[in-house]
Number of protein chains: 4
Amino acid sequence: MFVLKFGGTSVAHAENIKKVTAIVRAKAATGKTIVVVSALGGVTDALLRCGTLAAQGDATYKESLQALTQRHLDTIRELLPLTAQSGVLSRIMQQCHEVEDLCNGIFLLGEFSDRTKDKILSFGELLSSQIIAAFWAATELPCQWVDSREVIRTDSQFTRAVVDFKTTNEQIKQLVSNSQAQVLLAPGFVAANEAGVTTTLGRGGSDYTAAIFGAAVDAEEVEIWTDVSGMMTADPRLVSNAKPIAQISYQEAMELSHFGAKVIYPPTIQPLLQKNIPVWVKNTFAPQDYGTVIKAEAEQNGNTIRGISSINKIALLSLEGSSMVGIPGFSKRLFEALAANSINVILITQASSEHSICVGVDELLASRAKAAVDNAFSYEIEMGKVNPLVVENGLSIIALVGDNMKSHAGTSGKMFGAMGRNGVNIRAIAQGSSERNISAVIASSDVKKAVNVLHEAFFETTYK
Amino acid sequence: MFVLKFGGTSVAHAENIKKVTAIVRAKAATGKTIVVVSALGGVTDALLRCGTLAAQGDATYKESLQALTQRHLDTIRELLPLTAQSGVLSRIMQQCHEVEDLCNGIFLLGEFSDRTKDKILSFGELLSSQIIAAFWAATELPCQWVDSREVIRTDSQFTRAVVDFKTTNEQIKQLVSNSQAQVLLAPGFVAANEAGVTTTLGRGGSDYTAAIFGAAVDAEEVEIWTDVSGMMTADPRLVSNAKPIAQISYQEAMELSHFGAKVIYPPTIQPLLQKNIPVWVKNTFAPQDYGTVIKAEAEQNGNTIRGISSINKIALLSLEGSSMVGIPGFSKRLFEALAANSINVILITQASSEHSICVGVDELLASRAKAAVDNAFSYEIEMGKVNPLVVENGLSIIALVGDNMKSHAGTSGKMFGAMGRNGVNIRAIAQGSSERNISAVIASSDVKKAVNVLHEAFFETTYK
Amino acid sequence: MFVLKFGGTSVAHAENIKKVTAIVRAKAATGKTIVVVSALGGVTDALLRCGTLAAQGDATYKESLQALTQRHLDTIRELLPLTAQSGVLSRIMQQCHEVEDLCNGIFLLGEFSDRTKDKILSFGELLSSQIIAAFWAATELPCQWVDSREVIRTDSQFTRAVVDFKTTNEQIKQLVSNSQAQVLLAPGFVAANEAGVTTTLGRGGSDYTAAIFGAAVDAEEVEIWTDVSGMMTADPRLVSNAKPIAQISYQEAMELSHFGAKVIYPPTIQPLLQKNIPVWVKNTFAPQDYGTVIKAEAEQNGNTIRGISSINKIALLSLEGSSMVGIPGFSKRLFEALAANSINVILITQASSEHSICVGVDELLASRAKAAVDNAFSYEIEMGKVNPLVVENGLSIIALVGDNMKSHAGTSGKMFGAMGRNGVNIRAIAQGSSERNISAVIASSDVKKAVNVLHEAFFETTYK
Amino acid sequence: MFVLKFGGTSVAHAENIKKVTAIVRAKAATGKTIVVVSALGGVTDALLRCGTLAAQGDATYKESLQALTQRHLDTIRELLPLTAQSGVLSRIMQQCHEVEDLCNGIFLLGEFSDRTKDKILSFGELLSSQIIAAFWAATELPCQWVDSREVIRTDSQFTRAVVDFKTTNEQIKQLVSNSQAQVLLAPGFVAANEAGVTTTLGRGGSDYTAAIFGAAVDAEEVEIWTDVSGMMTADPRLVSNAKPIAQISYQEAMELSHFGAKVIYPPTIQPLLQKNIPVWVKNTFAPQDYGTVIKAEAEQNGNTIRGISSINKIALLSLEGSSMVGIPGFSKRLFEALAANSINVILITQASSEHSICVGVDELLASRAKAAVDNAFSYEIEMGKVNPLVVENGLSIIALVGDNMKSHAGTSGKMFGAMGRNGVNIRAIAQGSSERNISAVIASSDVKKAVNVLHEAFFETTYK
């Protein structure tokens with residue numbers, strides 16, 4: 001059994017859908033195949049924009065919706081012979097009307113709730129998958145369309161619902177064992193809660209759908225078809241010389257996945273990692289390219305590191321105070337305050353004997369973090385024992401990743417040497433004992449330079 | 001008002017005590033002076049050894065005690081003319097008998113409690129200060145001997161008592177305002193709780209005594225007289241080229257104070273920092289040397305960093321687990337477990353997206369930490385979501401310190417480059433946003449090499 | 001300055017509004033008066049029902065809305081001479097259209113969010129107050145209509161917003177000092193957040209509005225006009241002999257306020273208690289009745305207790321286990337789990353040496369509480385040291401309240417004796433050291449009997 | 001296999017020891033028997049007094065020790081024929097010398113540490129058991145003397161060591177299976193840590209020793225021989241009509257065990273409860289009396305309750321504050337503060353809607369509790385939202401205990417009625433849902449009266 005997932009660019013329009021079809025046809029010839037598709041490229045953002053406009057009382061959402069509807073109808077007309085169009089055309093039209101009703105509701109209430117957001121966004125994948133299913137039915141690639149909402153069960157945290165794997169796995173297994181089809185086609189990203197209300201899987205949702213199916217059926221492999229020929233040594237938008245990575249370990253892939261490009265989103269790998277199912281990252285537009293295979297043990301290729309990652313929009317929180325010296329309990333209170341306010345910590349660093357502790361968080365959470373921490377230490381702050389939390393914005397984290405780093409003594413020297421010679425100021429550093437990741441906090445304005453000098457140092461020079 | 005503190009080597013024997021006397025005599029000519037003295041060099045350790053031997057049922061403690069008594073009597077005989085000896089001789093003899101009684105008690109019980117430890121160790125400073133007071137009385141440097149236990153009030157945490165500054169400051173001020181003496185001489189290290197039971201101030205205790213007096217009387221300056229000509233750029237036992245530091249900020253001094261040599265112990269500076277009182281570190285055996293002055297703002301001297309510090313006997317604790325990804329509350333529980341078990345955290349590091357958090361603690365606390373953390377996560381460990389805490393021993397932290405680092409982009413590169421080229425493997429790195437300290441965890445066996453290559457790179461080369 | 005609040009029944013229709021008008025006219029003759037009104041009786045529930053129907057996709061909400069609109073128009077027509085109607089009629093009509101738009105939006109989205117709920121419910125008070133203002137303008141009781149949303153500032157916790165008293169008090173003071181009107185008329189219940197979005201004050205909201213105004217202007221007294229002649233010795237729906245209470249202390253009133261009748265909701269008193277402003281509970285339909293005055297010190301009237309209260313729909317949670325004996329930390333973990341899940345504790349009891357702790361909570365929260373506590377003790381439960389939380393539903397709390405109880409040794413005996421003789425089984429008892437409240441947990445099916453026998457014992461017999 | 005334990009009075013002197021011998025001889029005829037003995041009556045207190053005197057520098061401890069030694073020697077001389085005395089006399093003398101050495105050590109140090117306390121107190125049981133063993137050897141009741149310290153392994157919390165049951169059970173089983181003796185005789189109360197240092201089991205220690213042996217060998221029954229003919233319906237020192245209880249459940253026995261008389265200490269039952277081993281409480285001086293049997297299910301005897309218990313020296317802590325209303329998290333913080341300071345909670349009560357929570361603790365812990373709680377709420381106290389903790393001393397808890405209570409609706413009425421009629425003021429009440437215990441907090445000065453009126457009401461009247 002194979003699971004193939006095609007991203008938004010891969011199914012952006014009729015021409016690309018035909019490429020996808022060729023790939024699926026070839027694969028299906030070798031075994032039973034589950035295909036997961038994203039919305040037509042750009043549709044999710046367009047739907048989101050419609051809802052947002054409506055909530056703001058901006059009636060132009062109607063025109064945007066009209067254009068969206070037209071785009072789907074055009075795709076049908078390009079793909080299908082006239083005789084085969086009528087059934088799918090009317091189904092798609094009807095669903096576009098539903099989206100319009102929802103947007104009208106938002107417009108009237110002036111509110112775009114998470115529950116409604118999931119409902120509206122789900123149409124992207126529902127429409128794309130139904131159109132493709134109709135096309136395949138018309139081109140002798142018969143497939144069974146599966147409503148992912150009927151098999152993937154989640155809780156009710158709209159926009160980032162948590163999968164109930166027990167129920168989900170059972171339902172998928174039953175679906176597959178009851179099905180005679182050689183190809184099953186399912187919309188990515190969408191799911192439903194116990195009451196049947198539509199939910200979505202959050203960031204990286206369609207990849208996650210593929211991984212959920214793959215793990216549930218013990219797939220031989222999961223293929224993530226996208227528009228790049230695999231994971232790269234660096235974000236190609238930043239580094240023109242970035243090269244594809246042939247093999248990479250699960251751990252490395254998770255570390256690297258903070259790329260802007262976000263070829264893959266870390267939690268999506270989890271279900272596959274546990275079952276040791278390899279993941280291929282392939283290019284729909286260059287299917288002959290090798291791509292990247294993610295698996296438990298990746299071969300070393302002579303490079304010290306596997307890749308360079310960066311995360312933007314980081315805020316650095318620093319808590320300082322004379323009362324901190326040697327007081328057990330200080331860190332506990334800091335992290336308790338952050339946890340109680342659901343603030344995820346990306347990086348922590350407290351240098352020896354330094355009278356401060358430093359935490360990197362998403363910039364959007366910084367003011368909430370400051371309120372929480374200042375409140376938790378309000379008494380000490382009033383007494384002058386601790387300073388109010390200092391928040392610095394405009395920062396990024398840049399990280400070198402590689403399982404192989406631990407056997408190379410000079411990696412950190414080479415990393416900081418290259419940055420130092422190029423005048424990149426380091427605001428904070430963290431490297432943990434797994435030695436798979438060295439992270440440095442730098443100004444966001446230095447990221448492009450830093451990534452390039454590091455890429456040059458680690459991947460473009462012959463001496464090591 | 002001046003406060004001068006003389007360490008154990010400075011008052012090791014009659015000859016040195018005469019040097020001390022000359023220094024004090026000169027200072028007292030310029031203003032009212034409080035002198036704080038340690039025990040005669042080596043006496044504290046000898047007392048500790050006597051108690052330990054007695055607790056182990058080893059009767060040879062009696063011989064050691066005999067030798068200790070003899071050493072104090074010899075010092076008196078060398079310092080004082082025969083006619084002036086009898087009073088102090090009998091007082092010292094009587095106190096040595098008290099120590100003997102205590103050791104006999106320990107021997108009978110087979111137990112050397114913290115309370116008794118403080119009682120026994122206090123004799124070191126009590127004896128040395130009384131002998132010196134007698135000598136000064138006989139040499140026209142009249143002084144008032146002050147029993148520190150009557151002015152420094154602490155709680156009852158024996159061996160690391162916490163000062164009650166409110167009571168202490170009042171008592172010191174009253175003492176000084178009631179005194180006509182030009183010189184007050186007080187034993188360092190010792191204090192007493194509310195019930196008058198002897199306590200001690202823990203590590204760096206005599207320096208702390210000096211700082212407490214200095215802050216209470218708003219001294220012009222506090223002078224710490226020792227056997228080195230100031231704080232050094234590195235531990236001179238490791239680096240033969242280590243050089244004295246002329247000026248250093250309070251913050252830098254606290255960071256650097258983890259030297260093996262421990263010229264100064266961080267909390268000792270606190271009372272002075274708050275009042276902005278400068279601290280001089282001077283050499284009793286080379287009083288003409290400039291020494292080091294610790295103050296709020298230290299002049300930059302062209303070096304990127306101020307010094308290199310290292311801490312040995314560090315254990316690195318790593319907590320890993322798949323359930324950690326993006327779960328707020330994880331760090332809180334880790335630090336809560338550590339805090340509840342009074343385990344002080346020296347270094348923390350969690351690299352971006354790394355599925356582990358890394359904490360450096362004193363090696364002696366590592367097994368307690370492991371028990372505490374494994375217990376706190378016992379459920380998750382059983383479920384396989386978190387791995388049992390991994391503890392690595394045999395590690396050290398090496399740190400570069402300097403307020404000036406933040407204006408030099410290349411410091412970390414130079415640091416890790418130098419270590420990398422010399423094959424020093426880095427187990428963990430932390431640098432916080434104050435950019436005053438970069439810490440790296442390395443094998444203890446690499447410390448000497450690492451300190452030397454760093455010292456060479458930062459202090460011994462002309463190019464930057 | 002006086003503050004008068006009229007509840008929903010008091011302003012249910014034109015006839016009642018005329019009674020209210022007479023009361024206000026009399027009061028205003030004696031001083032500046034702020035009047036706070038609820039929605040016309042039943043309107044809030046009707047609005048809620050419309051929203052709920054719409055969310056369920058039930059189009060009959062339109063008819064309900066139509067009826068609601070009609071009711072308001074009828075009230076105008078009854079109150080006002082034809083010539084004075086047009087202005088207010090068109091304003092009211094327009095606002096009813098806004099409600100309809102909102103309900104249409106809810107219908108389209110199938111979602112009735114808290115934000116929208118506040119928006120819709122606010123119309124009840126907005127409409128009633130505008131109609132009354134128009135009536136007064138036409139009957140020589142000129143008043144200034146105040147939009148409470150412009151003076152009462154809250155946070156954004158829709159349906160139970162928390163007042164920002166600093167801003168609110170300033171705004172009310174400024175409003176009042178700028179106003180020439182003898183009577184100010186404001187809608188109760190409604191407020192707005194910083195962005196001006198409508199919020200509501202939750203249960204007891206209009207009383208709370210009155211208290212907020214009263215405290216802000218340091219009113220001489222606040223009068224709560226309702227449809228009963230004061231607080232009663234017991235819920236009159238349960239006890240036919242229940243009698244009004246002439247005087248009652250703030251503390252007693254707060255304790256008693258758990259009546260089904262809920263004459264007053266405890267937090268509403270808080271702002272007045274702090275300023276020692278008396279609160280009168282009066283009957284719009286029998287203004288000559290004395291009513292109840294709530295103040296700091298209430299005269300004793302010979303009764304041991306002031307009243308009897310009961311709360312239904314209570315679940316009793318019992319946590320038991322052999323590992324609990326003498327383990328500090330057990331209670332902490334229990335309450336931590338409850339607090340982390342926002343479960344409010346109504347009653348706690350742990351008898352001496354009993355190996356269980358018992359907590360009373362709202363029945364609706366019981367299953368959430370069980371999940372939280374069982375999870376918090378999952379390890380101990382698995383080890384068999386603690387039993388899974390036992391939840392019992394179908395319970396009520398019955399409480400005797402009175403400041404005077406502490407001087408009567410026999411109160412508890414009389415209470416439990418009366419219940420015991422009548423076969424009321426006591427599931428748990430709690431009386432704290434303030435001795436102002438004895439609470440017993442009993443089966444809900446016993447409440448009526450229990451309240452009656454207690455009322456008889458404490459209020460209807462001459463011997464004490 | 002039987003386990004018999006004889007308390008201090010039972011082995012107070014030669015005459016009593018002969019009674020014990022007869023009991024053991026009869027039992028041993030029916031099966032293998034393990035005998036656990038306490039110190040000769042009064043010896044533990046005398047040893048404690050010696051240590052305390054010595055720590056205070058009072059040399060009269062020597063005379064007390066002399067008397068203690070003499071008492072043991074006299075007992076030997078009374079019990080044993082001259083020819084059999086020499087061996088045991090010299091062993092006992094030698095151990096008395098050891099105690100003297102320890103007291104001398106305490107005298108010299110002025111400190112009586114917990115570690116030394118355990119060492120000294122252990123001699124009470126060691127001496128008594130060795131004397132008895134010698135007597136039995138000489139009277140044809142051959143027995144094997146067992147050093148409990150070699151089989152009962154604990155941690156190092158001196159004076160209240162925690163048993164390591166895994167190691168202990170293995171060691172006891174091995175001991176018993178290797179032994180040919182019909183009677184094994186072991187000192188109660190004493191144990192040892194991993195390093196072999198003597199520890200003691202705390203309150204009720206000898207009973208606990210018997211329970212540990214009983215559970216380890218799956219004894220048929222454990223007999224606790226004391227100087228009363230079983231557990232009583234009330235403390236006989238308070239109530240002259242108190243009657244013995246024939247049968248009682250484990251749960252009831254644990255509840256009742258807070259008697260001043262403390263026939264049994266709750267944790268001592270735990271090991272037996274888990275294995276369902278019955279415990280007999282018997283009277284050494286009236287072996288023919290039935291005594292009390294403690295077992296899983298006790299027959300109901302027509303009484304509503306099983307007994308009345310009371311605990312003196314209780315402090316009631318009340319935390320009040322307006323900010324408490326409806327704030328989840330308040331209780332959690334209170335109990336966290338208490339737990340963090342190892343303060344055991346005996347009773348908790350929070351009546352419905354009462355703005356305070358009430359906690360009963362040991363009077364000795366009250367000031368520590370106040371410091372802890374006031375510190376935990378220091379911010380709220382400063383803001384005036386919470387009042388400083390109110391502590392009331394001079395209180396007692398009186399409790400009715402009985403599994404049968406839940407089937408009698410009138411128990412609480414009868415209880416509080418009886419107290420009320422007799423003018424006993426109730427400060428707080430708690431009854432949990434197990435309905436096995438109703439507790440009331442009253443003035444200590446009322447305890448005698450209250451226990452007597454309750455005893456009369458529940459046990460001495462024929463009507464129910």
Side-chain angles (χ1 to χ4, degrees), chain C residues 254-255 258 266-267 270 311 316 318 322 325-326 328-329 331-332 335-336 338-339 342-354 356-358 360 392 397 399 409-421 423-439, chain D residues 254-255 258 266-267 270 311 316 318 322 325-326 328-329 331-332 335-336 338-339 342-354 356-358 360 392 397 399 409-421 423-439:
Chain C
M254 286 195 282
E255 299 289 335
H258 287 279
Q270 288 288 349
I311 322 174
L316 204 57
S318 304
S322 63
V325 187
S331 310
K332 173 232 161 184
F335 290 105
E336 186 169 42
L338 295 175
S342 301
I343 293 158
N344 213 345
V345 167
I346 299 173
L347 170 147
I348 307 170
T349 189
Q350 180 198 320
S352 73
S353 79
E354 191 150 11
S356 73
I357 185 164
C358 219
E392 290 172 276
I397 297 175
T411 311
S412 49
K414 201 165 158 184
M415 173 181 186
F416 294 109
M419 292 206 281
R421 277 191 303 277
V424 176
N425 220 325
I426 314 290
R427 305 305 323 281
I429 302 174
Q431 178 209 307
S433 66
S434 78
E435 292 178 74
R436 186 183 293 123
N437 179 320
I438 312 182
S439 295
Chain D
M254 286 194 283
E255 298 289 335
H258 287 280
Q270 288 286 352
I311 322 174
L316 206 56
S318 304
S322 63
V325 188
S331 310
K332 175 231 162 184
F335 290 105
E336 185 169 44
L338 294 175
S342 302
I343 292 159
N344 212 345
V345 166
I346 298 173
L347 171 146
I348 307 171
T349 190
Q350 180 198 318
S352 73
S353 80
E354 189 148 14
S356 72
I357 186 165
C358 219
E392 290 172 276
I397 297 176
T411 311
S412 49
K414 200 165 158 184
M415 175 180 184
F416 294 109
M419 293 206 281
R421 278 190 303 276
V424 176
N425 222 324
I426 314 290
R427 306 305 322 282
I429 302 175
Q431 178 210 307
S433 66
S434 79
E435 292 179 74
R436 186 182 292 124
N437 180 320
I438 311 180
S439 295

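Quick note: numbers below take in every heavy atom, side chains included, and nothing from hydrogens, waters or symmetry partners. Residue numbers begin at 1 in each chain, while the letters A, B, ... track the order of the sequences.
Within the 4.5 angstrom heavy-atom criterion, atoms from both the backbone and the side chain of C:Ile426 approach chain D. Only the backbone of C:Val424 comes within contact range of chain D, with heavy atoms under 4.5 Å apart.
Among C:Thr349, C:Ile348, C:Leu316, the residue with the largest count of heavy-atom pairs under 4.5 Å with chain D is C:Ile348. The greatest number of non-hydrogen atom pairs below 4.5 Å with chain C, out of D:Gly423, D:Ala418, D:Ser412, is found for D:Ser412.
In terms of heavy atoms, D:Glu336 sits closest to C:Glu336 at OE2-OE2, 4.4 Å. Across all non-hydrogen atoms, the minimal contact from C:Gln350 to D:Ile346 is NE2-O, 3.7 Å.
Between C:Ile438 and D:Phe416, every side-chain heavy-atom pair lies at or beyond the 4.5 Å cut-off.
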